[in-house]
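Here is the structure we will look at.
Chain letters run A, B, ... following the sequence lines, proteins first, then strands; residues in each count from 1.
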2 protein chains.
Amino acid sequence: MRSTSRNGEGSAANDDRSEVIAQLAEVFRTYGYEGASLTRITQGTGLGKGSLYHLFPGGKDEMAQAVLAHIDLWFELNVFAPLRENAAEADDDYPQRIAHMFDACGRYFLSGRKVCLVGAFALDSTRDRFADAVRGYFVRWAEALHAALLRAGHPSHEAAALTEDILGGIQGALVLARAVNQADIFTRTLERLQERVKRAAAAHAGQKRNKT
Amino acid sequence: MRSTSRNGEGSAANDDRSEVIAQLAEVFRTYGYEGASLTRITQGTGLGKGSLYHLFPGGKDEMAQAVLAHIDLWFELNVFAPLRENAAEADDDYPQRIAHMFDACGRYFLSGRKVCLVGAFALDSTRDRFADAVRGYFVRWAEALHAALLRAGHPSHEAAALTEDILGGIQGALVLARAVNQADIFTRTLERLQERVKRAAAAHAGQKRNKT
DNA sequence: GTCTATATAGGGATAGAC
DNA sequence: GTCTATCCCTATATAGAC
């Protein structure tokens, strides 16, 4: 029953692969790309080198690429897509979508106890190796958030500024939280960012009311 | 004339060492701690292994420690100390000191083209190796900035929030700027952070005026 | 598919000539 | 002080048995 040899992309195999990728992500997050030796990867996954190279013929590079794709998919499904306009519900509650984003981020980064692998890769020469994945992750996040902020009624320049402050604020809070070993810095930062968005939105509502 | 053998800590030797440390910093910033191999360090400094181990008997670990100490000293002199209260000029212009901090940071990080090595070290297991240096850097920065904000008239909770937002905002902007290869994200973020401080300060001044 | 054994290169670090 | 040569270890990757 476990065999999926007939359909090479069976769901059991996918689950296995998914599980391995999650473990790989943990290793890369802990040690960085250069620091993630095959020995550590072997320990972290419980697989021998043979199995690893069978799953990822391209070696470490392909493993990291798979991890980045996995992260990207998660954010695409749980963060970016929910932010974006949806034809079926074009008049949706955008402030709520933005709140959902903060929520998802808080959960994903374990309230500041888990760092952003993409951000970590961005800081050294690892970025160049995975330039497209690193860039794409932030660009698509920024685009989705910016569009949602516009839809929520923020003027263009403010939406752009908020987008940078939010994405940067999240990354920076993760750095800071880990540097001083205080995860709650991340939680507080998320709350303040969300509060700033609400205040800005309320200010526009107030201006509209005054005008009419 | 170049010999400083009699006084082992002669100024010429210090300059040499300082120059080497600056080059080491560049290598660590580019490749990260794990990625900074002795071969790359050799190329980046122009020194052979013999010279390197003569200068830093503790090897790579000591090199990185020296770099961190060097960075720390720079920030102590150019950022932290100017922020702090000074007995000789206790009634100084604290808003201006804060402006000076933003200025110094903008210059140090080359307007977003240079990352923060301490922040980069914080993100993976390198942090544990240099835990004290990493933690101390951010803690002392935070303390100095927080005190300056209090002195500038910000209420306690606001000063604490601004401190986290500013330190985190700077780190995050550096991550973001490098991730998408747009240094101006950093510049803009610095300007907005500074603007927020000014607005908050102005609001308090306004409240005071209304009260009296 | 997963293991063991091995190949080959490069890692950090040291010794000793100069 | 700086270089060259060399040490030993670990790195990534592959081959082939099972």
Next on the checklist: Output the rounded distance in Å from NZ (B:Lys60) to P (C:dA13).
Outcome noted: 8 Å
Next on the checklist: Do the side chains of B:Arg188 and B:Asp184 get close enough for a salt bridge, i.e. N-O under 4.0 angstrom?
Outcome noted: yes
Next on the checklist: Using a 6.0 Å distance limit plus a 45 degree cone around the ring axis, check whether A:Arg40 lies over the aromatic ring of A:Tyr31.
Outcome noted: yes
Next on the checklist: In whole Å, I'd like the distance from the NZ atom of A:Lys49 to the P atom of D:dT10.
Outcome noted: 12 Å
Checklist entry - Are B:Tyr53 and C:dT14 close enough that a side-chain N or O sits under 4.0 Å from OP1 or OP2? => result no
Checklist entry - Given atom CG of A:Leu52 and atom P of D:dT12, what is their separation to the nearest angstrom? => result 11 Å
Item to check | Gap between atoms CG and P, on A:Leu38 and C:dG11 respectively (whole Å) | outcome: 16 Å
Checklist entry - Atom CZ of A:Phe56 to atom C1' of C:dG1: distance rounded to whole Å? => result 14 Å
Next on the checklist: Over all strands shown, is B:Gly48 touching base, sugar-phosphate only, or nothing at heavy-atom distances under 4.0 angstrom?
Outcome noted: sugar-phosphate
Next on the checklist: Parallel, tilted or perpendicular, judged at 30° and 60°: which one describes the rings of B:Phe75 and B:Tyr137?
Outcome noted: perpendicular
Next on the checklist: What is the distance, to the nearest angstrom, from the CG atom on B:Leu55 to the P atom on C:dT14?
Outcome noted: 15 Å
Checklist entry - Whole-Å distance between C:dA13 P and B:Leu47 CG? => result 16 Å
Checklist outcome for this item: The side chain to side chain donor-acceptor pair (under 3.5 Å) partners of B:Thr126 (sequence neighbours excluded) come to B:Asp124
Item to check | Whole angstrom value for the distance that separates P of D:dA13 from CD of A:Glu62 | outcome: 11 Å
Checklist entry - C:dG11 phosphate, OP1 or OP2: any side-chain N/O from B:Ser37 under 4.0 angstrom? => result yes
Checklist entry - Just to confirm, is there a sub-4.0 Å distance from OP1 or OP2 of D:dT10 to any side-chain nitrogen or oxygen of A:Thr39? => result no
